[in-house]
Participant: 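Dropping the structure in here first, questions after.
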Amino acid sequence: MTHEPRHPFPPFTQESAAQKVRLAEDGWNSRNPEKVALAYTVDSRWRNRAEFATGYEEIVSFLTRKWNRELDYRLIKELWAFDGNRIAVRFAYEYHDDSGNWFRAFGNENWEFGGDGLMHHRYACINELPIKESERLFHWPLGRRPDGHPGLSDLGL
């Protein structure tokens with residue numbers, strides 16, 4: 001487990017904050033818990049809905065559970081605001097459960113980074129609603145969202 005510094009580093013500009021958001025989206029769309037957790041400090045603290053995680057092992061465990069039950073997960077993140085070493089994002093993701101029921105989750109995250117570009121605090125507030133498969137908006141192949149795919153604002157989300 002090596003937590004190497006991650007570009008871009010704070011203080012963020014509009015461009016570097018947007019880049020950081022896209023890199024986070026790409027990581028989460030990989031659905032690889034070990035890879036994703038390397039973007040956080042070894043003692044990173046999370047609040048995700050009503051669940052709390054601290055450190056690499058708890059983050060990996062959380063993400064493993066998440067992606068074992070949120071199947072065909074696809075996520076879009078969008079920069080909302082930034083200042084210094086903090087970034088606020090809004091996001092939406094779609095997935096189905098093992099019974100084939102589809103959901104769209106919406107939320108906001110507040111992130112705080114160290115000088116090494118690793119996130120040490122992540123606070124997520126999330127709401128979700130059931131959707132019909134025909135109401136899905138995220139149709140790219142699993143993995144990274146293609147550059148030409150519309151973002152949240154373009155989709156009216």
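These values consider heavy atoms only, across backbone and side chains, with no hydrogens, waters or symmetry-generated copies.
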Participant: Which value, rounded to the nearest 0.5 Å, describes the distance between Ile131 atom CD1 and Trp102 atom CH2?
Facilitator: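 So the CD1 of Ile131 and the CH2 of Trp102 are separated by 7.5 Å.
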
Participant: From Glu4 CD over to Leu38 CG, what is the distance, rounded to the nearest 0.5 angstrom?
Facilitator: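 Atom-to-atom, Glu4:CD and Leu38:CG are 9.0 Å apart.
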
Participant: So for atom CH2, which belongs to Trp80, do other residues, nucleotides or ligands contribute more than 12 heavy atoms lying within a distance under 6.0 Å?
Facilitator: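 12 or below, so no.
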
Participant: Any pair with a residue in residues 131-142 that passes side chain to side chain donor-acceptor pair (under 3.5 Å), sequence neighbours left out, goes on the list, sorted by first then second residue, please.
Facilitator: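 Listed once each, the pairs would be none.
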
Participant: Considering only heavy atoms from C-beta outward, does the side chain of Asp98 approach that of Arg69 to under 4.5 Å?
Facilitator: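 They are not in side-chain contact.
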
Participant: At their closest point, which heavy atom of Lys77 faces which heavy atom of Arg145, and how far apart are they?
Facilitator: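 Closest approach of Lys77 to Arg145, heavy atoms only: O-NH2, 4.4 Å.
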
Participant: Name all residues meeting the ring-ring contact (aromatic ring centres under 6.0 Å, His included) criterion together with Tyr123; count only those two or more places apart in sequence or in a different chain, and write none if there are none.
Facilitator: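 Here the qualifying residues are His121.
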
Participant: Which other residues belong to the hydrophobic cluster containing Leu23, where Ile, Leu, Val, Met, Phe, Trp and Tyr are joined when side-chain heavy atoms lie under 4.5 Å apart, directly or via other members?
Facilitator: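 Leu23 shares its hydrophobic cluster with no other residue.
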
Participant: Residues two or more places apart in sequence or in another chain: which of them pass side-chain hydrogen bond (donor to acceptor under 3.5 Å, both in side chains) with Asn101?
Facilitator: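 Once residues adjacent in sequence are excluded, the partners of Asn101 under the side-chain hydrogen bond (donor to acceptor under 3.5 Å, both in side chains) criterion are Asp97.
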
Participant: What side-chain donor-acceptor pairs closer than 3.5 Å can you find for residues 149-157, not counting sequence neighbours?
Facilitator:
{"residue": "Ser153", "atom": "OG", "partner": "Glu78", "partner atom": "OE1", "Å": "3.1"}
{"residue": "Ser153", "atom": "OG", "partner": "Glu78", "partner atom": "OE2", "Å": "2.9"}
{"residue": "Ser153", "atom": "OG", "partner": "Arg90", "partner atom": "NH2", "Å": "3.4"}
{"residue": "Asp154", "atom": "OD2", "partner": "Gly151", "partner atom": "N", "Å": "3.2"}

Participant: Using side-chain hydrogen bond (donor to acceptor under 3.5 Å, both in side chains) as the criterion, list what pairs up with Ser30, not counting sequence neighbours.
Facilitator: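 Here no residue qualifies.
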
Participant: Sorted by first residue and then second, give each salt bridge (charged side-chain N to carboxylate O under 4.0 Å, His left out) pair with at least one member in residues 99-108; sequence neighbours left out.
Facilitator: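 Qualifying pairs, neighbours excluded: Glu94-Arg104.
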
Participant: Do Asn29 and Arg144 have side-chain heavy atoms sitting under 4.5 Å apart?
Facilitator: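 Counting from C-beta outward, Asn29 and Arg144 never come under 4.5 Å.
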
Participant: Which heavy atom in Leu118 sits nearest to a heavy atom in Arg6, and how many Å separate them?
Facilitator: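 Minimum heavy-atom separation between Leu118 and Arg6: CD2-CG, 3.5 Å.
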
Participant: Applying ring-ring contact (aromatic ring centres under 6.0 Å, His included), can you list everything that pairs with Phe52, at least two apart in sequence or on another chain?
Facilitator: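 By the ring-ring contact (aromatic ring centres under 6.0 Å, His included) rule, Phe52 matches no residue at all.
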
Participant: Work out which heavy atom in Ala105 is nearest to a heavy atom in Arg49; give both atom names and the distance.
Facilitator: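 In this case the closest contact between Ala105 and Arg49 is CB-NH2, 4.2 Å.
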
Participant: Which atoms form the tightest heavy-atom contact between Arg47 and Cys125, and what is the distance?
Facilitator: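 Scanning both residues, the minimum pair turns out to be NH2-SG, 3.2 Å.
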
Participant: Any donor-acceptor pair under 3.5 Å linking the side chain of Arg74 with the backbone of Asp72?
Facilitator: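 Side chain of Arg74 to backbone of Asp72, a donor-acceptor pair under 3.5 Å: yes, one is there.
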
Participant: State which residues pass side chain to side chain contact (heavy atoms under 4.5 Å, CB included) with Ser61; sequence neighbours excluded, sorted by chain then number.
Facilitator: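 Residues passing side chain to side chain contact (heavy atoms under 4.5 Å, CB included) with Ser61: Arg65.
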
Participant: Rounded to the nearest 0.5 Å, what's the gap from NZ on Lys20 to OG1 on Thr13? Could you check?
Facilitator: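 Here the interatomic distance stands at 12.0 Å.
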
Participant: Going by side-chain hydrogen bond (donor to acceptor under 3.5 Å, both in side chains), name the residues that satisfy it together with Arg122, two or more places apart in sequence or in a different chain.
Facilitator: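 With neighbours one apart ignored, the set is Asn48, Glu109.
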
Participant: Do Ile76 and Leu129 land in one hydrophobic cluster if side-chain heavy atoms of ILVMFWY residues count as linked below 4.5 Å?
Facilitator: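 Same hydrophobic cluster.
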
Participant: Who else is in Leu79's hydrophobic cluster (ILVMFWY, side-chain heavy atoms under 4.5 Å, direct or via others)?
Facilitator: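 Once heavy-atom contacts under 4.5 Å are chained together, Leu79 belongs with Phe12, Val21, Trp28, Val36, Tyr40, Trp46, Ile59, Phe62, Leu63, Trp67, Tyr73, Leu75, Phe82, Ile87, Val89, Phe91, Tyr93, Tyr95, Phe103, Trp111, Phe113, Met119, Ile126.
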
Participant: Please report the closest heavy-atom contact between Ser16 and Pro8, naming both atoms and the distance.
Facilitator: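 Taking every non-hydrogen atom into account, O-CG, 3.3 Å.
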
Participant: Can you name the side chain to side chain contact (heavy atoms under 4.5 Å, CB included) partners of Pro5, sequence neighbours left out?
Facilitator: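 Pro5 satisfies side chain to side chain contact (heavy atoms under 4.5 Å, CB included) with Phe9, Asp116 once adjacent residues are dropped.
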
Participant: Less than 4.0 angstrom from a charged side-chain N to a carboxylate O is my criterion; do Glu51 and Lys66 meet it?
Facilitator: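 Salt bridge between Glu51 and Lys66, a charged N being under 4.0 Å from a carboxylate O: no.
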
Participant: Quick check: closest heavy atoms across Pro10 and Gly84, and the distance to 0.1 Å?
Facilitator: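 Here Pro10 and Gly84 meet closest at CB-O, 3.7 Å.
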
